[in-house]
There are 2 protein chains.
Amino acid sequence: MNIGDVARRSGLPPKTIRYYEDIGLVSPLRSGNGYRSFRESDLHKLAFLGRARSLGFTIDDCRTLLKLYEDDGRASADVKKIASDHLTRIDAKVEELLAMRRTLSHLVHECAGDNRPDCPILDDLAASASVDGPVEKSVHR
Amino acid sequence: MNIGDVARRSGLPPKTIRYYEDIGLVSPLRSGNGYRSFRESDLHKLAFLGRARSLGFTIDDCRTLLKLYEDDGRASADVKKIASDHLTRIDAKVEELLAMRRTLSHLVHECAGDNRPDCPILDDLAASASVDGPVEKSVHR
DNA sequence: CATAAGGGTTCCCCTGACTGGAAGGTCAAG
DNA sequence: CTTGACCTTCCAGTCAGGGGAACCCTTATG
C-alpha cells in the first residue's frame, strides 16, 4: 500500500503518517521507486495511533501504549496507569476551562452589547488587573 | 520601573513581558543604560493582558481587546462578540474533553489493572482502530 | 580597587504535533 | 508528449512563551 491508501484507510493525513515515521512510531518498507510501502500491520498500528490520539493521549503516551500493545507479557496495570493519569489531566483541564467559563459567562451576560462604550468585560479585565501596589524591596530606580 | 518590578507587580514573568514588547503589545521607554523603563500605564496594560490571558483569550484577542479598551468610542458589542466567541470555543473544547473522558473513564473501569496482559483499553484502541476495508480505487501497488 | 551578587540586555534554540508549500521524481492514461 | 495524480525530501511556520549563553550595569563589601 502506498501512503495515500493508508491515509484513506486509517483516516490520518499523509503528512501525519510521514511524521509518525520520522519520530519512529511506524517503519514502513520502501518500494523500488522510493515510495513507502505499508503492510497491513503498519496500517493497524497507524489506526491504533489515530484512535489513541483522538482520545487525547500524547505522542509519548502513544509510543508507550504501542509498546505495551505489542508486548504479550505486559501487565494491564501499566496500561491502566497511563490511562488514569491521562484522565486526571483531562479532569484538570476541564476544571480550568469551566472556571474560565463561569467568569466569562457572567461577564458576557452583564454586557449590554450595544453601541455604547460602557463594558463590564473591559472593566473586569482592567480592574482585576489591579496591580500589587508599589514595590518595596529593590528600591533602586 | 524596571522589568523586574513590573514582573512582580503584574505577575507576569520577565520573559513574557519582553515577548509582549516584541509582538507590539506594550512599548516601554528605555533608560540611558538600555534598560526598559515602564510607566504605570505600561504596568496597567500588562496586568490587563495577564488577566485576559488567564481567561483564555488568545494573544490576538488580547490585542483587539486592548485596542477597544483604549478606544473611548468603542461599541461594547464588539467586546461582547469577542468574549462570546471565546465562550463558544471554550464550550466546544469542554465538550471534546468530556467525550474523551466518557470513553476513557469507561475503559479504565473495565480494566483490571493487575499483572495480567488482558486489557480492554488496548483492545479498544486496537479494535476501534478498525480500518476501512481494502481500498478499491487507485489499485496500483 | 577588585570582586561578587543581582539586576538587566540580546540572541538563538526548544517545545507538541503537526501543517503548508516548494521543488522535483514516478506512473498510468489520453 | 503531456497531463494529472501520485509520491519524495526539505524548509518554515504555527502558539505562547521557556531555557540558557554571553555579555553589560549597578551597588555593596573586603
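Letters go in sequence order (proteins before strands), and every chain restarts at 1.
Residue-level contact check: A:Pro13 touches the backbone only, with heavy atoms under 4.0 Å from sugar-phosphate atoms and none from bases.
Checking side-chain atoms of B:Ser10 against main-chain N and O of B:Leu12 turns up a donor-acceptor pair under 3.5 Å. Checked by atom type and distance alone, the side chain of B:Arg74 pairs as donor or acceptor with a backbone atom of B:Leu68 at under 3.5 Å.
Contacts between residues 18-34 of chain B and DNA chain D, defined by a heavy-atom separation below 4.0 Å, involve B:Tyr19, B:Tyr20, B:Asn33, listed by number.
Rounding to the nearest 0.5 Å gives a distance of 11.0 Å between CZ of A:Arg89 and OG of A:Ser84. With values rounded to the nearest 0.5 angstrom, B:Leu65 atom CG is found 4.5 Å from B:Ile82 atom CD1.
Close to D:dT9, at under 4.0 Å from its OP1 or OP2, lies a side-chain N or O of A:Arg36. Between B:Arg53 and D:dG17 there is a side-chain N or O to OP1 or OP2 distance below 4.0 Å. OP1 or OP2 of D:dG18 lies within a sub-4.0 Å distance of a side-chain N or O belonging to B:Thr16.
One can place CD1 of B:Ile17 at 15 Å from C1' of D:dA16, the figure rounded to the nearest angstrom. Taking atom CG on A:Asn2 and atom P on C:dG25, their separation rounds to 19 Å, with Å as the unit. Between the CZ atom of B:Arg63 and the C1' atom of D:dC15 there is a distance of 13 Å, rounded to whole Å. Summarising the geometry, the separation between CG on A:Leu12 and P on C:dA17 is reported as 14 Å, rounded to the nearest angstrom. The interatomic distance linking B:Asp5 (CG) with C:dG7 (C1') rounds to 10 Å, in whole Å. Rounded to whole Å, atom P of D:dG17 lies 14 Å from atom CD1 of B:Ile3. Counting to the nearest Å, the P atom of C:dG8 and the OH atom of B:Tyr35 are 7 Å from each other. Note: NZ (B:Lys15) to P (C:dC13) measures 13 Å, nearest angstrom.
Residues B:Lys81 and B:Asp78 are not in side-chain contact: their nearest non-hydrogen atoms beyond the backbone lie 4.5 Å or more apart.
Checking A:Lys45, A:Lys15, A:Arg53 one by one against A:Tyr20, the side chain to side chain contact (heavy atoms under 4.5 Å, CB included) holds for a single residue, A:Arg53.
The A:Ile59 side chain lies nearest to C:dC18 when the options are D:dC7, C:dC11, C:dC18.
In the displayed structure, A:Arg39 atom CZ is contacted under 6.0 Å by more than 12 heavy atoms of other residues, nucleotides or ligands.
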